[in-house]
Amino acid sequence: MTSAAVEKAAATPYHVPHHVHRDVTGGWLRPAVFGAMDGLVSNLALMTGVAGGDVSSRTLVVTGLAGLAAGAFSMAAGEYTSVASQRELVQAELDIERIELDRHPEDELRELAALYVARGVEPRLAHEVARQLSADPEQALEIHAREELGVDPTDLPSPLLAAGSSFVSFALGALLPVLPYLLGADVLWPAVLLALAGLFGCGAAVARVTARSWWFGGLRQLALGAAAGGVTFVLGALIGTATG
């Protein structure tokens, strides 16, 4: 290739094929998925356990709504505390890295170059790349955070988003076993069928997001929810008999 051709190729903008990745950082997907699953399984198990004790439909409705409210607030508080603590830890580490970049820029430059060398980059080129990337302090901080901490300081998870996702998804999941009673049912089986259908649907939906087989994901979640409901129903019946 002639020098003119090389210069022309270098001046030509490189076209990067466009593709979009799904959210894998867990900002909203993880708490939403776990919230819905937890709401369905825990409220189904709670209601079947109480139903095993041969109580009235009114008692089951109160139990289901209480389980919905308590679980939703508990999930939201837990997610908020967990994500906020994680975010604060990352911020503290970023502050340490920012101080080191300010006080010992040459040491941090050599550290970054060493990371590239460890990945197979020729030492002289690795040092030059590290030098150019370190020219902007904020860019240098972002690169060090990615390389050393494995985080993107511009895309940290939001505690409020995680808490809100958990609250709403748990409440929606926990509502399914209660819904038939709110619509006038006075026996347990419609609530169980609706909850199991919801579990299969959630499992299938999650499997589609993660590129797994939808029927396997649905059946797996259905089996786990059915097992939880069955065990608690038996326990409720045994306790009801023993205390009756």
Cluster link Leu183 to Val192, ILVMFWY, side chain under 4.5 Å: yes

Does Leu222 reach the side chain of Leu219, with side-chain heavy atoms less than 4.5 Å apart? yes

Correct closest heavy-atom pair for Leu44 and Ala195 would be CD1-CB, 3.9 Å

Show the numbers, then the answer: is there a side-chain contact (heavy atoms from CB on, under 4.5 Å) between Glu128 and Gln132? CA-CA 6 Å; Glu128 178 60 21; Gln132 293 188 28; 2.8 Å; yes

Do you know which two heavy atoms are closest between Leu60 and Tyr181, and how far apart they sit? CD1-OH, 3.1 Å

What's the shortest heavy-atom distance between Ala228 and Ala45, and which atoms? O-CB, 4.0 Å

Value for CD (Glu106) from CG (Leu101), rounded to nearest 0.5 Å, stands at 11.5 Å

Within the distance-only criterion (no hydrogens, no angle test), does the side chain of Ser57 pair as donor or acceptor with the backbone N or O of Asp186 below 3.5 angstrom? no

Could you tell me the separation between the CG atom of Leu65 and the CG atom of Leu182, rounded to the nearest 0.5 Å? 5.5 Å

Test side-chain contact (heavy atoms from CB on, under 4.5 Å) on Leu224 and Val41; report intermediate values, then the result. CA-CA 8 Å; Leu224 292 172; Val41 174; 5.9 Å; no

For atom OH of Tyr116, is the number of surrounding heavy atoms from other residues, nucleotides or ligands below 6.0 Å larger than 12? yes

Tell me whether Val61 shares a hydrophobic cluster with Leu40, the cluster being built from Ile, Leu, Val, Met, Phe, Trp, Tyr side chains joined at under 4.5 Å. yes

How far apart are the C-alpha atoms of Glu142 and Arg146, what are their side-chain angles, what is the distance that settles it, and do they pass the salt bridge (charged side-chain N to carboxylate O under 4.0 Å, His left out) test? CA-CA 6 Å; Glu142 182 177 335; Arg146 290 177 184 271; 3.1 Å; yes

Side chains of Leu161 and Val83, heavy atoms from C-beta outward: is any pair under 4.5 Å? no

Gap between atom OG of Ser74 and atom CG of Asp38 - 0.5 Å precision: 8.5 Å

Are the side chains of Glu108 and Ser134 in touch, meaning some heavy atoms are under 4.5 Å apart? no

Do Leu156 and Gln91 have side-chain heavy atoms sitting under 4.5 Å apart? yes

Does the pair Phe170 and Ser42 meet the rule for a side-chain contact (heavy atoms from CB on, under 4.5 Å), with working shown? CA-CA 10 Å; Phe170 186 100; Ser42 63; 3.5 Å; yes

Calculate, to the nearest 0.5 Å, the distance between atoms CE and OG1 belonging to Met47 and Thr232 respectively. 11.0 Å

Which atom of Ser213 lies closest to which atom of Trp215, heavy atoms considered: OG-NE1, 2.6 Å

Closest non-hydrogen atom pair, Gly35 against Ser169: CA-OG, 3.5 Å

Atom pair CH2 (Trp189) and CG (Leu194), whose distance is rounded to the nearest 0.5 Å: 11.0 Å

Would a 4.5 Å heavy-atom cut-off, applied to side chains only, mark Leu141 and Glu138 as touching? yes

In this structure, would Leu115 and Leu109 fall into the same cluster of hydrophobic residues linked by side-chain contacts under 4.5 Å? no

Shared hydrophobic cluster for Ile143 and Val121 (ILVMFWY, side-chain gaps under 4.5 Å): yes

Pair Glu147, Arg119 - check side-chain contact (heavy atoms from CB on, under 4.5 Å), show working. CA-CA 11 Å; Glu147 296 292 340; Arg119 294 185 178 184; 2.7 Å; yes

Does Asp107 CG have over 12 foreign heavy atoms under 6.0 Å away? yes

Check for me, please, whether Val50 and Leu235 land in the same ILVMFWY cluster - side-chain distances under 4.5 Å, paths through other members count. no

Taking the side chain as every heavy atom from C-beta outward, state whether Thr63 and Val55 have any pair of such atoms under 4.5 Å apart. no

Quick one: does Leu94's side chain get under 4.5 Å of Leu149's, heavy atoms only? yes

Glu100 versus Glu111: any side-chain heavy-atom pair under 4.5 Å? no

Between Gln139 and Leu133, what is the shortest heavy-atom contact and its length? NE2-O, 3.0 Å

Could you give the distance from CD (Gln221) to CG (Leu196), rounded to the nearest 0.5 Å? 10.5 Å

